[in-house]
K.L.:
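Submitted below is the structure of interest, expressed as structure tokens.
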Number of protein chains: 2
Amino acid sequence: MVGTYRVLADVGFDGLTTQRVADAADCSQSLVHYHYDTKEDLVVAFLEWVREAEGDYLEGLGEGSAEDRLRAFVDLQLSIPRDDEHGWFNVAFLELQTAAARNDRYRDALREFTSMVDDVLVAVIEDGVETGEFRDVDPRATARFLRYALHGAVGATLTLHEDATEAVRAPVEAYLEGVVLAETD
Amino acid sequence: MVGTYRVLADVGFDGLTTQRVADAADCSQSLVHYHYDTKEDLVVAFLEWVREAEGDYLEGLGEGSAEDRLRAFVDLQLSIPRDDEHGWFNVAFLELQTAAARNDRYRDALREFTSMVDDVLVAVIEDGVETGEFRDVDPRATARFLRYALHGAVGATLTLHEDATEAVRAPVEAYLEGVVLAETD
DNA sequence: GTCTATACGCCGATAGAC
DNA sequence: GTCTATCGGCGTATAGAC
């Protein structure tokens with residue numbers, strides 16, 4: 001699994017081969033097939049393995065107020081670096097998502113990621129609405145809109161090298177203030 | 001070029017091979033290489049070819065007021081169908097975008113698409129700001145935020161089969177009313 | 001321009017020894 | 001569990017005839 005992560009970061013999902021995973025794990029290619037019958041099995045197992053780490057990652061939102069946690073989420077998304085191993089792995093993760101369009105098993109596995117994110121966001125927004133920090137927005141719809149916007153920005157940064165993660169900060173702020181956060185004036 | 005389009009829609013960028021393009025164009029594989037030295041050349045030429053069609057596509061925004069044209073853009077993006085040839089081609093286009101992360105030539109070609117979209121959107125928003133239909137928002141930042149949000153939603157619909165294009169309509173409307181459109185009350 | 005034939009490599013997966 | 005060896009297939013690209 002660790003080897004798979006490195007290979008994905010190195011050469012992308014497109015370049016993921018059982019031989020490269022074997023090299024990264026310092027074993028023979030056939031041993032990879034001994035543990036995972038097919039390459040598809042390997043990938044699905046990897047996605048389940050990495051999902052647990054993702055859970056911890058989302059814990060990084062901390063405690064604080066609903067507004068703090070929402071802002072922490074935005075920062076977390078927009079702070080994905082472009083040139084280190086983590087960034088390159090995220091590129092591979094985007095490749096995997098497009099592969100999911102034609103592969104049911106990948107799609108099911110990846111949907112659990114997005115629903116995990118949504119659940120966290122929905123909880124934060126519901127909390128904010130209840131305490132009066134936020135306006136009376138639809139938590140689920142707002143969560144998904146925010147997820148899509150940030151995902152789109154991160155994708156453009158990682159793949160097209162747009163300066164999206166910076167450029168989008170102000171508009172996101174405008175959205176939060178104009179639609180989500182309770183008016184303070 | 002037409003054959004390439006069909007192949008991409010059929011089997012995706014991952015499944016794009018010179019042999020399949022040859023089959024779709026009803027010629028031999030070597031003839032493809034006669035016209036395009038490498039597969040990469042073929043893809044770059046294809047992207048330039050398809051960009052012209054994209055220009056016409058964006059003309060579909062029509063005339064109308066700035067608000068009408070902005071809404072037309074949103075509808076245009078959110079009405080991409082998931083199961084016809086056009087939808088599958090868009091999936092392949094997403095694959096191509098992720099490939100751009102590791103390929104300079106693809107990246108340059110694709111950036112021209114996004115800057116084309118941005119230019120159209122910026123013009124609409126500038127117009128709206130001038131006429132007073134819109135508030136005094138930053139046209140470029142607003143355009144990109146909107147592009148990212150819609151792109152994220154379309155991507156999730158096409159790849160993960162989320163019902164994003166529907167779910168996002170209300171939040172987008174809330175964004176337009178709460179941030180972009182001039183207050184009418 | 002268009003073809004057939006082919007070189008050459010890498011892929012996923014399996015067989016079989018240890 | 002782990003290895004080496006190997007099969008069959010498909011990928012890009014090229015050579016050379018017409």
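Note: hydrogens, waters and symmetry copies are ignored here, and every other heavy atom, side chains too, is used. Quick caveat, the model's predicted, so the values are computed rather than measured. Chain letters run A, B, ... following the sequence lines, proteins first and then strands; every chain starts at 1.
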K.L.:
I'd like to know if the side chain of B/Thr159 pairs up with that of A/Gln97 as donor and acceptor (distance under 3.5 Å, no hydrogens or angles considered).
P.N.:
yes

K.L.:
Using a 4.0 Å cut-off on heavy atoms, which residues in residues 94-110 of chain B reach DNA chain C? List them by number, or say none.
P.N.:
none

K.L.:
Where along residues 8-19 of chain B does a heavy atom fall under 4.0 Å from DNA chain D?
P.N.:
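Within residues 8-19 of chain B, the residues near DNA chain D are B/Leu16, B/Thr17, B/Thr18.
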
K.L.:
Should the pair B/Glu162-A/Arg147 be classified as a salt bridge under the 4.0 Å nitrogen-to-oxygen rule?
P.N.:
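A/Arg147 and B/Glu162: salt-bridged.
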
K.L.:
With a 4.0 Å cut-off, would you call B/Arg71 and B/Glu173 a salt bridge?
P.N.:
yes

K.L.:
Does a salt bridge link A/Arg69 with A/Asp127, judged by any charged N lying under 4.0 Å from a carboxylate O?
P.N.:
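Judged by the 4.0 Å cut-off on N to carboxylate O distance, A/Arg69 and A/Asp127 do form a salt bridge.
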
K.L.:
Any sub-3.5 Å donor-acceptor pair from B/Glu133's side-chain atoms to B/Ala66's backbone N or O?
P.N.:
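Here the side-chain-to-backbone pair exists.
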
K.L.:
In plain terms, say whether B/Asp56 and B/Arg51 are close enough for a salt bridge, that is, a side-chain N and a carboxylate O under 4.0 Å apart.
P.N.:
no

K.L.:
Is the shortest distance from a Lys or Arg side-chain nitrogen in A/Asp10 or A/Arg20 to a carboxylate oxygen in the other one below 4.0 Å?
P.N.:
no

K.L.:
Taking atom CG as the centre, does A/Asp136 end up with more than 12 heavy-atom neighbours from other residues, nucleotides or ligands that are less than 6.0 angstrom away?
P.N.:
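Counting neighbours around CG of A/Asp136, 12 or fewer heavy atoms of other residues, nucleotides or ligands fall under 6.0 Å, so no.
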
K.L.:
Salt bridge or not between A/Arg144 and B/Asp163? Use side-chain N to carboxylate O under 4.0 Å.
P.N.:
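The answer is yes: the pair qualifies as a salt bridge.
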
K.L.:
Mind calculating the distance between CZ (A/Arg20) and C1' (C/dC10) to the nearest angstrom?
P.N.:
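From A/Arg20 CZ to C/dC10 C1': 9 Å.
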
K.L.:
With the criterion being N/O to N/O and under 3.5 Å, what pairs connect the protein with nucleotides 1-3 of chain C, and how long is each?
P.N.:
residue : atom : partner : partner atom : Å
C/dC3   : OP2  : B/Ser28 : N            : 2.8
C/dC3   : OP2  : B/Ser28 : OG           : 3.0
C/dC3   : N4   : B/Ser30 : OG           : 3.3

K.L.:
So, B/Arg111 and B/Asp108, do they make that salt bridge, N to O below 4.0 Å?
P.N.:
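A salt bridge is absent here (no side-chain N lies under 4.0 Å from a carboxylate O).
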
K.L.:
Can you tell me how far P of C/dA7 sits from NE2 of B/His33, to the nearest Å?
P.N.:
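Going from B/His33 (NE2) to C/dA7 (P), I get 17 Å.
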
